[in-house]
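Reviewing the structure listed below.
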Amino acid sequence: MTNERGDWRRKDRVIGYGRQTIEAVDREAVASVLKSDWLTQGPGVPEFEAALCHATGAEHAIALSSGTAALHLALLALDIGPGDRVVTSANTFLASATSALMCGAEAEFVDIDPRDGNLDVALLEQRLETGPPVAAVVAVYFAGAACDLAALLVLKQRFGFRLVIDACHALGGTTSLDGEARRVGELTGVDAVTLSFHPVKHVTTGEGGAILCADQKLAERTRRLREHGLCRGGADRPFADSSTTPPWFASASELGFNYRLNDLQAALGTSQLERLDSFVAARKRIAARYNAELVGCEKPAQSPGHAWHLYVVHVESESRDERMAWLREGGIGTQLHYYPVPLQPLFRDAPHADADPERTFAKAVAHARGAISLPIYPSLSDEDVERVIAAFADWAN
Ligand SMILES: Cc1ncc(COP(=O)(O)O)c(C=O)c1O
C-alpha cells in the first residue's frame, strides 16, 4: 500500500535492525595484518586496547573474544564463585545472567523501570534489604541509556557488592555523574565495565568484547584468565632444582580460558574506533528523525548521553507480532529486545526459581509483549529511514 510518503515496500532489499559499517580503511587494516607475521598474539591487541582507553577514558582495557567472555572474566576476576548471588536486569541479553552461572554463582533478577527498560533501582534496593547477601550486580545500559549510576553507587557503598556495568549497548554514550558527562571508561566507583563488538554494536571486530577497569590487579588477572591462566615472567621456577626462570616458561596457577581476540579482529576494531564519534552521531540523527516523524507507536525516552544502539518503540501487544511480520514482508527487519531472561526455561525451571516470574517481572513482560526494535545503524540510508517512517504511517491509516 502507498500513502503520501510513497510506497515503502521493497522485496529486493531487506534491511535488518542492525548492521556493521565497513569501509575501505577497515578492509585495508585487516589485509595488512594478513600480510604481517602475526595473525594472533601480535602487536594488534595492545594497539586496540590503547585505542579503547583513548576512546573511553579507561585506565585499562582488556580485549577479549566476545562480550560474553568479558562478563564471565569480569565476574571471575572479582572473585564471584559458588555460593554467590549475582543480580541483573530481567530485560537483557542472556549473557548478563549466564556469566554468573559460568562462575558457579546463582543469577537473580529485578524487574525494570518501564521508562528506560533498565533495572529498577528501587526494586534492587528492596531486594538488597530483604534477601540474602548479593555478591555482584550486573547493571545493563539497555539500548544505550545509562542506568541511575549515582543511586547504584550509593547502594554499592551500603551493601558492599561488586558493580559491573554491562555497557555492551553503550559505547560512545555518556553517564551523568557528579555533574559531569562521563564516558564508559570513566565511571569512577564501578569495578568493571564490559563491551561487545558484535557486528550490530557501535564498533565491530566480527566477534569480540572488552573489559574496562581502573584497577591494575584486576586488569592483570583478566589478562591471565584470557590466556589459560598462564603467567609469564613471574617468580615461579619450572623444576624443583631450577635456579632461574627461563624465558620459555609460563606458570598456570588457576583455571583460565582461551578468550583471546586475534590480530585481524583487533586491526578491524582499531580502524572502526577512529570513526566512533561519527557512528554515534549518525545513530543520533536517525533517532532524532524517528522521534520527530514516527506515528502510531510509543517512542523511547530521551536522555542526553544515549548511545542509541537500539531504537525500541512500543505498540499494542495484540498486534505486535502481526506488525513485525507486516514490516518484514515489506523488507523491513525488526527484532525484540528482550524476551525476559527469568522466563527462559534455563532460569524458570531452575531449583529455587521464582514461582511466578510473569508476575514478579510484570514490567519486563509488558515491555516484551509490545516492544519492536527498529533499524538503526550508521549506514542506514535516509531513504530507508523514510521507508520505516512511511510503514508506520501506513499502519496508522
Ligand atoms: C547487553 C548485552 N550483554 C552481553 C552481550 C554479549 O555480547 P557478545 O555477543 O559479544 O558475546 C550482548 C550481546 O548481544 C548484549 O547485548
Side-chain angles (χ1 to χ4, degrees), residues 62 64-111 119 123-140 152 155-166 168 190-194 196 209-213 215 217-231 234 236 251-260 340-355 357 360-361:
I62 301 91
L64 297 159
S65 54
S66 69
T68 304
L71 284 163
H72 180 196
L73 290 198
L75 291 176
L76 208 56
L78 289 167
D79 290 322
I80 304 304
D84 287 334
R85 290 162 190 269
V86 177
V87 174
T88 190
S89 169
N91 176 40
T92 186
F93 182 64
L94 210 52
S96 315
T98 53
S99 49
L101 308 189
M102 292 173 199
C103 297
E106 264 183 57
E108 276 188 41
F109 303 91
V110 289
D111 206 1
L119 66 77
L123 288 177
L124 174 65
E125 183 172 15
Q126 241 176 53
R127 160 62 188 86
L128 291 162
E129 282 171 346
T130 55
V134 167
V137 170
V138 175
V140 183
L152 282 173
L155 293 180
K156 173 174 161 49
Q157 194 74 14
R158 201 171 134 207
F159 293 94
F161 54 78
R162 302 295 208 164
L163 180 57
V164 174
I165 300 295
D166 180 342
C168 288
V190 163
D191 292 295
V193 173
T194 62
S196 163
I211 295 173
L212 309 177
C213 66
D215 180 17
K217 285 208 161 62
L218 190 73
E220 284 167 5
R221 188 157 178 219
T222 51
R223 286 207 165 90
R224 281 200 303 277
L225 289 169
R226 155 176 87 178
E227 205 170 356
H228 309 282
L230 285 168
C231 176
D236 284 356
S251 69
S253 48
E254 70 175 322
L255 176 66
F257 307 85
N258 181 350
Y259 278 167
R260 289 189 299 256
V341 181
L343 268 58
Q344 290 285 4
L346 174 65
F347 293 102
R348 198 190 53 207
D349 302 338
H352 319 298
D354 190 280
T360 308
F361 306 107

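One finds the CG atom of L73 at 10.5 Å from the CG atom of L78 (value rounded to the nearest 0.5 Å). For the atom pair CD1 of I62 and CD of E220, the computed distance is 10.0 Å after rounding to the nearest 0.5 Å. From E125, atom CD reaches atom OG1 of T130 across 10.5 Å, with rounding to the nearest 0.5 Å. Atom CD in E129 sits 5.0 Å away from atom CZ in F159 (nearest 0.5 Å). With values rounded to the nearest 0.5 angstrom, N91 atom CG is found 12.0 Å from F361 atom CZ.
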### Task
Applying side-chain contact (heavy atoms from CB on, under 4.5 Å), run through L155 and F161 and close with a yes or a no.
CA-CA 8 Å; L155 293 180; F161 54 78; 4.0 Å; yes
### Task
Would you please test T92 and L119 for side-chain contact (heavy atoms from CB on, under 4.5 Å) and show each step?
CA-CA 9 Å; T92 186; L119 66 77; over 6 Å; no
### Task
Could you walk me through whether R158 and L128 pass side-chain contact (heavy atoms from CB on, under 4.5 Å), step by step?
CA-CA 10 Å; R158 201 171 134 207; L128 291 162; over 6 Å; no
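Counting heavy atoms from C-beta on, the side chains of F93 and D166 never come closer than 4.5 Å. Side chains of T194 and S96 form no contact here, defined as non-hydrogen atoms less than 4.5 Å apart. Counting only heavy atoms from C-beta outward, the side chains of P82 and E106 never approach each other to under 4.5 Å. Side-chain contact between L346 and L101 is present, with at least one heavy-atom pair separated by less than 4.5 Å. Residues V341 and T88 are not in side-chain contact: their nearest non-hydrogen atoms beyond the backbone lie 4.5 Å or more apart. Counting only heavy atoms from C-beta outward, the side chains of L152 and L124 approach each other to under 4.5 Å.
Residues passing the salt bridge (charged side-chain N to carboxylate O under 4.0 Å, His left out) test with D191 are K156, R162, sequence neighbours excluded. Residues that satisfy the salt bridge (charged side-chain N to carboxylate O under 4.0 Å, His left out) test with R221, not counting sequence neighbours, are D79, E254. Qualifying ring pair (Phe, Tyr, Trp, His ring centres under 6.0 Å) partners for F109, counting only residues two or more places apart in sequence or in other chains: F347.
Atom CD of Q157 has 12 or fewer heavy atoms from other residues, nucleotides or ligands within 6.0 Å.
For residues 64-75, there are no salt bridge (Lys or Arg N to Asp or Glu O under 4.0 Å) pairs, not counting sequence neighbours. Screening residues 344-355 for side-chain hydrogen bond (donor to acceptor under 3.5 Å, both in side chains) gives D354-T360 as the qualifying pairs, with residues at least two apart or on separate chains. For residues 68-92, the set of pairs meeting the ring-ring contact (aromatic ring centres under 6.0 Å, His included) definition, not counting sequence neighbours, comprises H72-F257, H72-Y259.
Counting only distance, with no hydrogens or angles, the side chain of R85 and the backbone of A136 share no donor-acceptor pair below 3.5 Å.
Nearest approach of V190 to V193, heavy atoms of both residues: CG1-CG2, 4.0 Å. Residue G67 comes nearest to C168 through the heavy atom pair CA-SG, 4.5 Å, listed as atom of the first residue, atom of the second, then distance.
Only one option out of L71, T222, I211 pairs with L64 in a side-chain contact (heavy atoms from CB on, under 4.5 Å); it is I211.
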